[in-house]
Number of protein chains: 2
Amino acid sequence: MVLSKSCDYGLRAALFLAASEREESFVSISEMAKALGLSFHFLTKILQTLTRKGLMVSTKGPHGGVRLARPADSINLMDIVIAIDGPRLLNECVLGLNGCSDQHPCPLHRQWVSIRSGITELFNQSTLKSVAQRIAEGSYRLIDLIEEPEKKV
Amino acid sequence: MVLSKSCDYGLRAALFLAASEREESFVSISEMAKALGLSFHFLTKILQTLTRKGLMVSTKGPHGGVRLARPADSINLMDIVIAIDGPRLLNECVLGLNGCSDQHPCPLHRQWVSIRSGITELFNQSTLKSVAQRIAEGSYRLIDLIEEPEKKV
DNA sequence: CTTAATTCAGACAAGTTTGTCTTAAATTAG
DNA sequence: CTAATTTAAGACAAACTTGTCTGAATTAAG
Ligand code: SF4
Ligand code: SF4
């Protein structure tokens with residue numbers, strides 16, 4: 001997994017907010033959790049992190065909920081990723097070695113740095129708005145497919 | 001983390017074997033664990049997996065140990081990765097959605113598939129031999145830098 | 001003011017990964 | 001055969017991630 005589950009969920013919620021028309025008003029976490037098929041309590045915890053980091057604002061009480069703290073075109077996916085997973089993604093070694101740098105390369109350095117910067121570029125260049133627009137236009141999903149069909153015979 | 005720690009360790013050990021000249025003889029796991037700075041017991045467990053999967057062969061007793069089951073140029077990194085982490089890497093969604101496919105794309109599908117295939121290509125095209133040669137030629141490391149300098153003031 | 005709705009905070013549980021340890025089995029050397 | 005060495009197997013523990021739950025604080029509405 002390139003991102004933690006918490007981070008996945010945080011991104012889905014942020015995109016959900018950006019894709020929902022009402023960018024101005026608050027959306028309740030329970031509504032989002034239901035729409036995205038996530039645990040309400042768990043999602044709450046994750047969104048609290050995003051609120052603390054200043055990416056969302058929240059309000060309590062009836063009609064309360066959360067919304068993006070800034071316009072959706074001024075928040076990119078990397079903001080969310082770093083708020084939840086930290087900068088890990090930016091400087092991690094593919095072999096798990098510590099202190100990754102050009103000065104102390106592992107034998108996969110060259111190739112890995114290239115891939116890694118591709119990933120960070122993707123997150124850096126994708127704003128919530130641009131991705132949300134894609135959702136609105138096409139048939140892209142933010143939720144799991146049919147609930148697991150149970151395993152075994 | 002794109003790979004589990006177990007997988008990281010397995011790759012390091014496999015590369016260590018490929019880079020050690022004595023491709024024919026057995027190298028003891030304790031020697032490898034010491035050289036790579038890994039837990040002996042944990043590395044043992046990981047290499048048992050690789051042995052079970054037929055990528056290495058082992059023998060007990062004095063002068064026992066493990067060696068690659070096939071020539072180092074006929075094993076690629078993907079073999080190791082799949083043996084330890086399974087095919088997860090090949091078909092996982094960047095948003096953690098289930099059933100990733102062109103038919104059920106998330107809004108990052110196009111870009112992610114491109115990156116993901118870059119990763120799989122890297123592992124598929126890198127043989128243990130090619131990477132081991134790089135180690136022999138240049139100054140690439142397979143071990144962590146100086147043991148963590150302890151944190152805090 | 002009272003009540004309901006909602007986030008906030010944090011304890012707690014469950015699950016997974018990582019790491020340690022002990023014992024058994026196999027192999028080699030003498 | 002005996003003893004030493006080494007992997008195999010698996011129990012167990014520790015750490016981390018994920019998920020659940022309860023209660024407090026805040027806000028809005030009547
Ligand atoms: S060498 Fe490549 S893989 Fe190793 S630490 Fe540096 S970037 Fe990461
Ligand atoms: S759309 Fe992209 S990210 Fe989503 S499942 Fe398919 S590949 Fe993964």
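The chains referred to below are lettered A, B, ... by the order of the sequence lines, with proteins before strands, and numbering in each begins at 1. For the numbers below, each heavy atom of this structure counts, side chains included, while hydrogens, waters and symmetry mates do not.
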d([atom1], [X]; [atom2], [N]) in whole Å:
X	N	atom1	atom2	result
B/Leu47	D/dT6	CG	C1'	13 Å
A/Ile29	C/dA9	CD1	C1'	13 Å
B/Leu50	D/dA8	CG	C1'	14 Å
A/Lys60	D/dA24	NZ	P	13 Å
B/Phe40	C/dT18	CZ	C1'	17 Å
A/Gln48	C/dT6	CD	P	16 Å
B/Lys5	C/dT20	NZ	C1'	15 Å
B/Phe26	C/dA26	CZ	P	16 Å

Side chain of [X] (C-beta onward), nearest among [options]:
X	options	value
A/His41	C/dT20, D/dT22, D/dT18	D/dT22
A/Thr51	C/dC8, D/dG19, D/dT18	C/dC8
A/Ser4	D/dT5, D/dT18, C/dT6	D/dT18

>> Assuming nearest nucleotide by heavy-atom distance, tell me which of B/Ser58 and A/Phe42 is located more 5' along DNA chain D.
In response: B/Ser58

> Between B/Thr44 and A/Tyr9, which has a closest nucleotide on DNA chain D that is more 5'?
Replying inline: B/Thr44

>> Looking at B/Asp102 and B/Arg110, is any side-chain nitrogen of the basic one under 4.0 Å from a carboxylate oxygen of the acidic one?
In response: no

> Do NZ/NE/NH1/NH2 and the carboxylate oxygens of B/Lys5 and B/Asp85 come within less than 4.0 Å?
Replying inline: no

> Do you know the tightest heavy-atom contact between A/Ile46 and A/Gly10?
Replying inline: CG2-CA, 3.9 Å

If only side-chain N and O atoms of [X] are considered, is one of them under 4.0 Å from the OP1 or OP2 phosphate oxygen of [N]?
X	N	value
A/Ser39	D/dG19	no
B/Arg52	D/dA9	yes
B/Ser6	C/dT18	yes

> So does B/Lys45 reach the base of D/dG10 with its side chain, donor to acceptor, closer than 3.5 Å?
Replying inline: no

>> Please evaluate residues B/Leu97 and B/His104 with respect to the criterion side chain to side chain contact (heavy atoms under 4.5 Å, CB included), reporting the C-alpha separation (whole Å), side-chain torsions for both, the decisive distance (0.1 Å), and the verdict.
In response: CA-CA 10 Å; B/Leu97 298 174; B/His104 303 101; over 6 Å; no

>> Distance alone, cut at 3.5 Å: any donor-acceptor contact between the side chains of A/Ser117 and A/Thr120?
In response: no

> Base, sugar-phosphate, or nothing: which does A/His63 touch, judged by heavy atoms less than 4.0 Å apart?
Replying inline: sugar-phosphate

